[in-house]
Amino acid sequence: MSLRLYNTLTLEVQPFAPERDNTVRMYTCGPTVYDFAHIGNFRTFIFYDVLRRWIRATGYQLDHVMNITDVDDKIIRNAVARRQSIGEYSARFTTAFFEDSESLRLERPERVTPATGHIDEMAEAIRKLGEQGYTYESDGSIYFRIAKFPEYGKLSHMDFSGTRPGARVDNDNYEKDDARDFVLWKAAKENEPYWDTVVGRGRPGWHIECSVMAIRYLGDTLDLHAGGVDLIFPHHENEIAQSECLTHHLFSRFWVHSEFLLVDGQKMSKSLGNFYTLRDILSKGYAPETVRYLLAQVPYRKALNFTFDGLKSAATAIDRVRNFDLRVKTGKFEEGSNPDLDARAQVATGGFRAAMDDDLNTAEALGSVFEYIRDVNIAMDKDEFRAGNVASAKAVLDLFDLVFDVLRPTAATDGLPDEEVEAKIEERRDAKKARNFAGADQIRVWLLDRGIIIEDTKDGVRWKRKP
RNA sequence: GGCGCGGUAGCCAAGUGGUAAGGCCAAGGUCUGCAAAACCUUUAUUCGUCGGUUCAAUUCCGACCCGCGCCUCCA
């Protein structure tokens, strides 16, 4: 079985493979850096990351481009309010975004492209669209005339044929011929940053940056374009219109969209005020990988209701896998190998792969891992697990961690050094030998207070740091 | 109103035309000096409601109810 993905264009799950050679050309809509990203935003970025990792696990190379929207109305508004340039203002949040991404263990796309680094190319694209008659000007701004693109609506599956033209006014008070027309280029206004370009003085509309940067780096036709479901209309619909009128080629073969993160059953959003940033969560003492696990475990096309109970549950589930990992890596097993257990591992990895191939069904993939863990724990309890089975157990854990990447605890900044922990464990061992259990328990509590958890096993003492 | 998604145990959640994975929580138990970890048992005669097709439906069809999202900036 090979990778299949739900394509918003066709509303079907379809086999996915790159069109040319072995490289997947993928574009994802990145953050608008006007504020800290919230964990709803990060649900989508984690989805990109899982998708990336599984595309590579499938055996493809990746050329993944993600934009940074570093010029837009909110950035301008906030920068002006602080008497900063938009560059100064957005730099801070771009940095914060990548810090958060790193703590969530998100792989960095092959190319990260800021909008402000591509203004002239956007202007040139707009000029070309104008040459071909797809645009019109109004008060110095340039609009895309959707009436010229009959396929408009094919992604969002909306029918615009009955849309009546008429003078309507959008939020920015720009005049448009048709309510659905969208702005490609905004005329310079007072107190706003602008660029002098072949289409005049002003700044780009939002949608054009993605079209221009995607085509520039990945070619006329992408294999895959991803984003949150709220971008289907109008953003991605507009990208298609611009791009396909520009190149006269299909813009993207696959469109893949992640569902929302909800809070109290409602979309998490800045405007509703019901959002948490990653920093909010971490300050409550949760490890970033807990957030990663929580957001990755629910398949990306299902809305996920965020709760702190869910977060706690995620932390415990990670612990279960880590305990098993520790048991595999530190256990003392008899020589030899139990063929049944290697076969069992095969079933687990096979189930995991099949689930991931099926439109990234992470929930089912996890089921496969947890069933394996239970069976092997049982085998270990019965002393049926052999040293020769360690390799296949590690293979299951490696496959799990290739996607979920939560086994490694985020390093505590102020932990007790390993040597001190070992020394204390030695001290406790002596106390136990002398049957001084009170003393031994005291040491255990002392260590626990410092985040060290001691476990006595028949093979000796095992310890770990509290997550 | 149009388009799309969803309603499965206390919570999260997978799934198939033949009788419900997995995780968390809870209770009891095994093991242990005590813990921890691990394991065992218990927890949905039932999958929003009502019809239909079928030998058989949670899974297919229809109607209805409820929730969410997009249709305006938005992951």
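Below, read A as the first sequence line, B as the second, and so on, with proteins coming before strands; counting in each chain starts at 1. Remember, it's a predicted structure, so these values are computed and weren't measured experimentally.
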Please evaluate the base of [N] for a donor-acceptor partner in the side chain of [X] within a cut-off of under 3.5 Å?
X      : N     : value
A:D159 : B:G2  : no
A:R301 : B:C5  : no
A:R462 : B:A36 : no
A:K267 : B:C68 : no
A:D456 : B:C34 : yes

Starting at atom [atom1] of [X], determine the distance to atom [atom2] of [N], rounded to an integer number of angstrom.
X      : N     : atom1 : atom2 : result
A:N361 : B:A13 : CG    : C1'   : 10 Å
A:L304 : B:C12 : CG    : P     : 10 Å
A:E259 : B:C68 : CD    : C1'   : 8 Å
A:Y300 : B:C5  : OH    : P     : 12 Å
A:F306 : B:A13 : CZ    : P     : 14 Å
A:F47  : B:A75 : CZ    : P     : 15 Å

**Centroid-centroid distance, A:F45 to A:F97, less than 6.0 Å** = yes
Using Watson-Crick or G-U wobble geometry with both distances under 3.5 Å, which nucleotide pairs with [N]?
N     : answer
B:A26 : B:U42
B:U16 : none
B:G33 : none

Which part of the nucleic acid, if any, lies within reach of [X] when heavy atoms closer than 4.0 Å are counted: base, sugar-phosphate only, or nothing?
X      : result
A:F260 : base
A:H257 : nothing
A:T32  : sugar-phosphate
A:M380 : nothing
A:R435 : nothing
A:L326 : nothing
A:P299 : sugar-phosphate
A:D309 : nothing
A:S269 : nothing

**Request:** Assess A:K284 against A:Y276: is NZ or CZ under 6.0 Å from the centre of the six-membered ring, and within 45 degrees of the ring's axis?
**Result:** no
**Asked** Do we get A:R320 above A:F370's six-membered ring, with its NZ or CZ under 6.0 Å from the centre and within 45° of the axis?
**Response** no
Whole-Å [atom1] distance, [N] and [M]:
N     : M     : atom1 : result
B:C74 : B:G18 : P     : 44 Å
B:U30 : B:A36 : C1'   : 15 Å
B:U43 : B:A20 : P     : 14 Å
B:C47 : B:C31 : P     : 41 Å

Lys/Arg-Asp/Glu bridge criterion (N-O < 4.0 Å) met for [X], [Y]:
X      : Y      : result
A:D359 : A:R4   : no
A:R77  : A:D73  : no
A:R327 : A:D381 : yes

**A:F437 ring over B:G33 six-membered base ring, under 5.5 Å and 30°** = yes
**Request:** Could you tell me whether the side chain of A:D401 and the main chain of A:L407 form a donor-acceptor pair under 3.5 Å?
**Result:** yes
**Asked** Does a side-chain N or O from A:R428 land closer than 4.0 Å to OP1 or OP2 of B:A36, or not?
**Response** no
**Request:** Counting heavy atoms from C-beta on, name the nucleotide in B:U72, B:G15, B:G33 closest to the side chain of A:R180.
**Result:** B:U72
**Item:** Selection from B:A14, B:C5, B:A75 that lies nearest to any side-chain heavy atom of A:L261
**Value:** B:A75
